[in-house]
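Keep in mind that this is a model prediction, so the values were computed, not measured. First the proteins, then the strands, lettered A, B, ... as listed; each starts at 1.
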Amino acid sequence: MVKKIFAKSYVALILCLMYAPIFVLIAFSFTTSTLIGDWSGFSLELYTSLFKNKEIMEALKNTVLIALSSAVVSTILGTLGAIGIFYCKKKVRRTFEFIGQIPILNPEIVTALSLTILFVFLGIKFNFITLMIGHIILTIPFVVLSITPKLKQMDSNVYEAALDLGAKPSTALRKVVIPEIIPGILSGFILAVTLSLDDYIITAFTRNNSFQTISTYVYGVTAKKGALPPTLRALTTIIFIVTLVLLILLNLKGKKKEVRR
Amino acid sequence: MSKIKFTRKMLSIPYAVFMILFVVIPLLLVVFYAFTDAEGNFSLGNVVTFFSNSTNLNTFVISILIGVATTALCLLIGYPVAMILAKKEYKFGGVFVMLFVMPMWINFVLRTAATRDLLFWLGISGGEQPYSATMIGMVYNYLPFVILPLYTTMLKMDRSLIEASMDLGCNKVQTFVKTIIPMTMPGIVSAASMVFMPTMSSYVISDVMGERQISLIGNTIQTYFDKSLWNMGSFIALVMMIIILITSFMTRNVEKQEDARGSLW
């Protein structure tokens, strides 16, 4: 019994420590003082000044834009690639499985540097496309990794059956293969968005310097000047609430599917 | 209909071209740049500069030490958490694991800055204690990466073996060392590799937490990048790749469970 209580309180303690910085930030987002730990009365001023802050709003817009667009391209390329490579000969498949592992195993900074060198070598100026390429390379291996297991689980005879029954290969793919692997595609997409939203190093290397995302903006202000600007506390609160709602929605949806089955 | 018959293999062409262009060729370029000078002639100058520069070597040693310490601390803190959550009588283990992962959805630079502000309030300032502040920031950031793979391997663990070892007369410590640890080895290895490499190479946490007083390998590469010294930067990147190659070769036998890494998400 004592052991159980001890175990539970250990988990609770670590969990509290994990959330402490976030909750403290959220609490102090409702006051205007510049320093954490210094309460100067309840106020929503940080929220109004957050929405008025053009730099942060621009960075937020850019972050979402690059995350969604790179995730869409990454998911399409990765899905087609996963299907195609799955049906290739063993040697080709092994080779591409290995190449797909490289960006996962390599530290981000090596991936970032190697891409930068390619662009410098080719004389390409850093712009939105180079940043897109960086984010696609960051996310595409994970898209492929979340789809391949679904392909393995699939009954390969179904595709052949569709062809025998007169479906064109493209129709068979659309009507038979894609529906089977759609959960993998979706989780790959979500993963791609999360990875892209969180990225700093690849963004810092492959972007045009005038293009700010939340990561580069926050790094810029905190690594030089110190404490987090108060308005960013309000931003953290909003991000926290949005992710909480999204996670609950995703989980509820998953639960419903389970019940139906 | 076109003459070329459509096969499923063809779907992989755009992906294959993309990967070769933006993964394989850049890596070959890194190797090429590492062994050439600024004019593009073959040279071992980067090797000599790297090994004769004591700052670079110091940075390297410090990075490895911080990496090892962070990995060890994360495992020490995370292993019991995963073990408790994976117990059968704990119904909400899955929910708790979700709770541990959730902070990861908040932007990682923001999260790190938040940690620094909290530590500052508690009297630990990165300016005065850069190393402890950096270590706290790193452990805080990478703990979820340890708990998840450990949790998934522990769920799959064959519990009857633990009972068997108890029945055969092992005490709790012996059971832990001789059955539980070997059974969770794949999880330990994948957790360690997920923490070690990023801690060693990422400079964001040390810059934000340690107020730019600690220089890690990542900082060195970034400095060369800022100065457009691609050759030297490439050489250091190559050294890092070799370290990874060695570690992944050493752990290949243990990490047979291919889903250990993928199951993080």
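Under the 30°/60° scheme for interplanar angles, the aromatic rings of A:Phe121 and B:Tyr33 are found to stand perpendicular. Under the 30°/60° scheme for interplanar angles, the aromatic rings of A:Phe96 and B:Tyr15 are found to be tilted.
For chain B, the nearby part of A:Val144 is the side chain; its heavy atoms alone come within less than 4.5 Å. Contacts between B:Met240 and chain A at a heavy-atom distance below 4.5 Å involve the side chain alone, from C-beta outward. With a 4.5 angstrom heavy-atom cutoff, A:Ala82 does not touch chain B via any of its atoms. Only the side chain of A:Leu247 comes within less than 4.5 Å of a heavy atom in chain B; its backbone stays farther off. If you measure heavy-atom distances from B:Pro14 to chain A, the contacts under 4.5 Å come from both the backbone and the side chain. Contact of B:Thr112 with chain A is not made at all, since no heavy-atom distance falls under 4.5 Å. With a 4.5 Å cut-off on non-hydrogen atoms, A:Ser215 touches chain B through its backbone and its side chain both. The contact between A:Lys4 and chain B is made entirely by side chain atoms (from C-beta outward), counting heavy-atom distances below 4.5 Å. Neither the backbone nor the side chain of A:Tyr217 comes within less than 4.5 Å of any heavy atom in chain B. With a threshold of 4.5 angstrom between heavy atoms, A:Leu77 approaches chain B through its backbone and through its side chain. Proximity to chain B involves both the backbone and the side chain of A:Leu115, based on heavy atoms less than 4.5 angstrom apart. For a residue to count as touching a neighbouring chain, one of its non-hydrogen atoms must lie under 4.5 Å from one of that chain's; by this rule A:Val120 touches chain B with the side chain only. The contact between A:Val11 and chain B is made by backbone and side chain atoms together, counting heavy-atom distances below 4.5 Å. Only the side chain of A:Ile140 comes within contact range of chain B, judged by heavy atoms closer than 4.5 Å. Heavy atoms of A:Phe240 lying under 4.5 Å from chain B belong to its backbone as well as its side chain. Contacts between B:Ile20 and chain A at a heavy-atom distance below 4.5 Å involve the side chain alone, from C-beta outward.
Between A:Pro103 and B:Val23 the shortest side-chain heavy-atom distance falls below 4.5 Å. In this structure the side chain of A:Pro107 never reaches within 4.5 angstrom of the side chain of B:Met241, judged on heavy atoms. Inter-residue side-chain proximity for A:Asp198 and B:Val109 is flagged as unmet; no heavy-atom pair is nearer than 4.5 Å. A 4.5 Å side-chain heavy-atom check between A:Pro21 and B:Asp117 finds every atom pair outside the cut-off. The side-chain heavy atoms of B:Leu143 and A:Leu17, taken from C-beta on, include no pair separated by under 4.5 Å. In this structure, B:Phe32 and A:Ile117 have side chains that are not in contact, with every pair of non-hydrogen atoms separated by 4.5 Å or more. Residues B:Ser12 and A:Ile83 have side chains not in contact (no heavy-atom distance under 4.5 Å, counting atoms from C-beta outward). With a 4.5 Å cut-off on side-chain heavy atoms, A:Glu108 and B:Pro198 do not count as touching.
Taking every heavy atom of both residues into account, B:Phe18 and A:Ile133 meet most closely at CZ-CG2, 4.2 Å. Contact record, B:Asn107 with A:Leu197: ND2-O, 3.4 Å, taken as the closest heavy-atom pair. Shortest non-hydrogen contact noted between A:Ser114 and B:Pro26 is O-CB, 3.4 Å. In terms of heavy-atom proximity, B:Gly218 sits nearest to A:Ile109 at O-CD1, 3.4 Å.
For B:Leu122, the side-chain contact (heavy atoms from CB on, under 4.5 Å) criterion is met by B:Leu118, not counting sequence neighbours.
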Take B:Leu11 and A:Tyr87, measure what side chain to side chain contact (heavy atoms under 4.5 Å, CB included) needs, and give me the verdict at the end. CA-CA 10 Å; B:Leu11 292 175; A:Tyr87 294 107; over 6 Å; no
Check against side chain to side chain contact (heavy atoms under 4.5 Å, CB included), B:Leu27 and A:Asn106: CA-CA 11 Å; B:Leu27 284 188; A:Asn106 260 348; 3.9 Å; yes
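Residues of residues 226-236 of chain B that come closer than 4.5 Å to chain A, counting heavy atoms only, are B:Trp230, B:Gly233, B:Ser234, ordered by residue number.
At distances below 3.5 Å, at least one donor-acceptor pair connects side-chain atoms of A:Tyr19 with backbone N or O atoms of B:Leu99. When atom types are taken as modelled, the side chain of B:Arg116 and the backbone of A:Thr222 share a donor-acceptor pair closer than 3.5 angstrom.
Under the 6.0 Å cut-off for aromatic ring centres, A:Phe205 and B:Phe225 qualify, their centroids lying closer than that.
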